[in-house]
Amino acid sequence: MEQQLDYAAVRAAAGRIAGAIRPAAVVPAAEGVWYALEYLQHTGSFKARGARNFLAAHHRAGTLPEAGVTIASGGNAGLACAWAARAQGVPATVFLPANAPRVKVERLRGYGAEVRLVGDRYADALAACEEFAAASGALASHAYDHPLIAAGAGTLLDEIRAALPGLDTVVVAVGGGGLFAGIATAAREHGVRVVAAEPENSRALNAALEAGRVVDVAVDSVAGDSLGATRVSADALAAGRYEGVRSVLVPDQAITAARRALWEEHRIVVEAGAATALAALRTASQPLGERVAVVLCGANTDPGDLTAPGI
């Protein structure tokens with residue numbers, strides 16, 4: 001099934017997932033700033049949009065096999081894939097390193113996934129996942145690098161625009177680039193600027209833009225658990241070159257401070273990756289726009305360090 005990432009793909013995704021996902025709540029946060037509360041999405045992150053679109057598109061095309069879907073991810077993408085597969089009524093087989101946290105394994109099983117623990121590195125789990133897909137005929141999904149995944153994520157932008165007329169800028173955190181590529185594709189259609197926020201030491205998009213091609217980067221950031229992709233997708237690199245897109249790097253200290261501010265000021269608990277978008281706004285030397293939406297994209301995190309006594 002040939003796919004490309006463009007605004008038509010985003011609109012098609014919106015039609016497929018309508019009624020299956022939670023429309024984003026957009027709330028005022030400060031003068032000229034609104035938060036898009038995507039962490040309230042099914043499975044706790046925006047990933048549910050892309051996973052649902054991916055499987056729904058294959059179902060409608062008759063290319064969703066009886067063996068179901070498989071993915072190597074113990075994070076938000078794996079949870080979303082398992083959730084979407086359960087909704088579609090097909091099996092999900094998720095591969096994780098054997099040292100994956102038990103809480104992740106149990107959450108995946110709670111969504112009905114078969115969890116297979118392989119090796120002690122993500123690369124081991126990925127290789128086993130690829131072998132399983134080849135042998136079983138299961139549909140291989142990806143955490144971010146697929147047009148259907150990115151288009152599903154991009155549906156968020158039109159929801160924000162509907163809730164916030166006059167939106168001129170959206171700030172979004174970037175890991176592998178699925179959410180960013182989808183949002184930037186939709187934003188380009190409407191003349192909305194995009195600020196792509198990355199940790200200083202997890203800068204796959206920024207490095208790719210600098211090099212003029214997709215490159216591998218080292219990852220060493222407090223937000224590495226969700227923004228720790230070593231390279232961005234080709235679609236993300238292409239989106240990073242759109243007019244009105246700006247790449248911004250933020251230090252870990254600012255990310256931690258933004259995450260804590262969300263808790264202390266609003267009682268919002270998000271992942272460090274989600275707080276990276278707010279950190280970009282808080283550290284900007286000048287206003288990013290007059291009507292700015294900050295995407296808070298995920299909340300699968302341990303709030304213990306925010307709620308511990310004496311802190």
Notebook entry, point to check: Side chains of Asp6 and Pro147: does their closest heavy-atom pair fall under 4.5 Å?
Noted result: no

Check: Can Arg86 be said to sit on top of Tyr111's aromatic six-ring, NZ or CZ under 6.0 Å from centre and within 45° of the ring axis?
Finding: no

| said: Could you check whether any side-chain heavy atom of Thr185 comes within less than 4.5 Å of a side-chain heavy atom of Tyr242, counting everything from C-beta outward? | reply: yes

*asked:* Does atom NE2 (His266) have a neighbourhood of more than 12 heavy atoms from anything else shown, all under 6.0 Å?
replied: yes

For a 4.5 angstrom cut-off between non-hydrogen side-chain atoms, does Val174 reach Leu227? no

Rounded to the nearest 0.5 Å, the CG atom of Leu278 sits from the CG atom of Leu262 at a distance of 5.0 Å

Cluster overlap Leu156 with Val10, hydrophobic side-chain contacts below 4.5 Å: no

Within a strict 4.5 Å, meaning less than it, do heavy atoms of the Val27 and Leu37 side chains meet? yes

Exercise. For residues Asp252 and Pro199, determine if any side-chain heavy atom of one lies less than 4.5 Å from a side-chain heavy atom of the other.
Key: yes

Ala181 and Ala239 have their tightest heavy-atom pair at CA-CB, 4.0 Å

**Main-chain N/O of Gly78 paired with Lys47 side-chain donor or acceptor, under 3.5 Å** = no

message = Please determine whether residues Val292 and Val172 belong to a single hydrophobic cluster, defined as Ile, Leu, Val, Met, Phe, Trp and Tyr linked transitively by side-chain heavy-atom distances below 4.5 Å.
response = no

message: Would Arg267 and Trp263 count as a cation-pi pair here, with the cationic atom under 6.0 angstrom from the ring centre and within 45° of the axis?
response: yes

Any side-chain to backbone donor/acceptor pair from Thr155 onto Gly152? Under 3.5 Å, distance only. yes

Show the numbers, then the answer: is there a side-chain contact (heavy atoms from CB on, under 4.5 Å) between Val192 and Ile183?
-> CA-CA 10 Å; Val192 174; Ile183 282 183; over 6 Å; no

Whether Glu38 and Arg49 form a salt bridge (side-chain N of Lys/Arg under 4.0 Å from carboxylate O of Asp/Glu) is what I want to check. yes

Q | Verdict with reasoning, Val269 to Leu306, per side-chain contact (heavy atoms from CB on, under 4.5 Å) | A | CA-CA 8 Å; Val269 178; Leu306 295 173; 4.1 Å; yes

message: One pair to check against side-chain hydrogen bond (donor to acceptor under 3.5 Å, both in side chains): Glu271 and Asn76. What are the steps and the verdict?
response: CA-CA 11 Å; Glu271 301 165 23; Asn76 292 336; 3.0 Å; yes

For this session: Begin from the C-alpha positions of Asp305 and Arg259 and carry the test salt bridge (Lys or Arg N to Asp or Glu O under 4.0 Å) through to its verdict.
Result: CA-CA 11 Å; Asp305 57 337; Arg259 181 170 176 264; 2.9 Å; yes

**Request:** Identify whether Phe46 and Leu296 are in the same connected component of the hydrophobic contact network (ILVMFWY, side-chain heavy atoms under 4.5 Å).
**Result:** no

Can any side-chain N or O of Glu200 pair as donor or acceptor with the backbone N or O of Leu249 at less than 3.5 Å?
-> no

Grouping I, L, V, M, F, W and Y whenever their side-chain heavy atoms are under 4.5 Å apart, do Ile71 and Val115 come out in a common cluster?
yes

Whether His146 and His58 hold their rings parallel, tilted or perpendicular, with breakpoints at 30° and 60°:
tilted

- Query: Can Ile268 and Tyr39 be said to form a side-chain contact (heavy atoms from CB on, under 4.5 Å), step by step?
  - Reply: CA-CA 9 Å; Ile268 290 174; Tyr39 68 90; 3.5 Å; yes

Smallest heavy-atom separation, Cys129 atom then Ala72 atom, equals SG-N, 3.7 Å

Looking only at heavy atoms, the pair that brings Ala236 and Leu205 closest together is O-CD1, 3.7 Å

**Asked** So, Asp216 and Arg231, do they make that salt bridge, N to O below 4.0 Å?
**Response** yes

| Side chains of Asp158 and His190: do they bring a donor and an acceptor to under 3.5 Å? | yes

Evaluate the side-chain contact (heavy atoms from CB on, under 4.5 Å) criterion for residues Asn53 and Ile149: first the C-alpha distance (whole Å), next the side-chain angles of each, then the deciding distance (0.1 Å), finally the verdict. CA-CA 7 Å; Asn53 184 49; Ile149 298 292; over 6 Å; no

### Task
Return yes if some donor-acceptor pair links the side-chain N/O of Thr70 with the main-chain N/O of Thr93 below 3.5 Å, else return no.
yes

*Does NZ or CZ of Arg52 fall inside the cone over Trp83's six-membered ring, less than 6.0 Å from its centre and within 45° of the axis?*
yes

*Check whether any side-chain N or O of Glu198 sits under 3.5 Å from a backbone N or O of Gly175 as a donor-acceptor pair, and report yes or no.*
no

When you measure from the side chain of Ser45 to the backbone of Cys297, do you find a donor-acceptor pair of N or O atoms at a distance under 3.5 Å? no

Minimum side-chain heavy-atom gap Tyr144-Leu179 below 4.5 Å: no

Does Arg116 pair with Glu114 as a salt bridge, N-O distance under 4.0 Å? yes

Between Thr276 and Ala173 the two heavy atoms that sit nearest each other are CB-CB, 4.2 Å

Short question: side chain of Arg193, backbone of Gly289 - any donor-acceptor pair under 3.5 Å? no

Before you tell me yes or no, could you show the steps for Asn201 and Ser221 under side-chain hydrogen bond (donor to acceptor under 3.5 Å, both in side chains), namely the whole-Å CA-CA distance, both residues' side-chain angles and the distance that decides it to 0.1 Å? CA-CA 6 Å; Asn201 295 318; Ser221 169; over 6 Å; no

Checklist entry - Should the pair Arg161-Asp168 be classified as a salt bridge under the 4.0 Å nitrogen-to-oxygen rule? => result no

Glu66 CD: over 12 foreign heavy atoms closer than 6.0 Å: no

Query raised in the report: Do Leu139 and Phe54 come within less than 4.5 Å of each other through their side chains, counting heavy atoms only?
Result: yes

pair Arg16-Leu148: side-chain heavy atoms closer than 4.5 Å: yes

query = What about Leu79 and Val105, same hydrophobic cluster or not, with Ile/Leu/Val/Met/Phe/Trp/Tyr joined at side-chain heavy-atom distances under 4.5 Å?
reply = yes

**Q.** Flag, side chain of Trp34 to backbone of Val26, donor-acceptor distance under 3.5 Å
**A.** no

